[in-house]
Amino acid sequence: MSIIGTMIGTFSMFVLSGVAMRVGFLVGATCWLINNILVGSIGGTLLEATLIVTNLVTIYRLRKSTDLVSNESQT
């Protein structure tokens with residue numbers, strides 16, 4: 001799982017941008033979270049859970065700001 005998570009994160013960093021990049025980070029972090037749970041790493045599990053929450057908040061904020069900009073341009 002860790003190799004898959006690393007590959008997804010690397011692909012997201014160099015190829016994607018904006019919300020798509022954050023979703024890639026979210027998928028990669030989820031792979032790492034599963035790996036950390038399977039190996040019993042408490043610190044790694046807490047770290048990845050924090051990264052997932054941070055990514056979700058960032059995705060929400062980016063979507064919200066994009067919606068505000070598109071609403072303002074329509075009026």
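Residues take their numbers from the sequence shown, with the count starting at 1.
- When all heavy atoms are compared, the tightest approach of Cys31 to Gly5 is CB-CA, 3.7 Å.
- Between Asn55 atom CG and Arg22 atom CZ the span is 7.5 Å, to the nearest 0.5 Å.
- Rounded to the nearest 0.5 angstrom, Thr54 OG1 and Phe25 CZ are separated by 12.5 Å.
- When every heavy atom of Ala29 is checked against every heavy atom of Ile52, the shortest pair comes out as CB-CG1, 3.7 Å.
- One distance of note links CG of Leu56 with CG of Leu26; it measures 5.0 Å at 0.5 Å rounding.
- In terms of heavy atoms, Leu62 sits closest to Gly18 at CD1-C, 4.3 Å.
- Interatomic distance, Asn35 CG to Thr30 OG1, rounded to the nearest 0.5 Å: 12.5 Å.
- Among all heavy-atom pairs drawn from Ser12 and Gly24, the shortest one is OG-CA, 3.1 Å.
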Donor-acceptor pairs are to be reported for all side-chain atoms of residues 39-51 against protein atoms at under 3.5 Å, with residues two or more places apart or in another chain.
from	atom 1	to	atom 2	distance (Å)
Ser41	OG	Gly44	N	3.1
Thr45	OG1	Ser41	O	2.6
Thr50	OG1	Leu46	O	2.8

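- Rounded to the nearest 0.5 angstrom, Ile3 CD1 and Trp32 CH2 are separated by 8.5 Å.
- One finds the CE atom of Met21 at 9.5 Å from the OG1 atom of Thr58 (value rounded to the nearest 0.5 Å).
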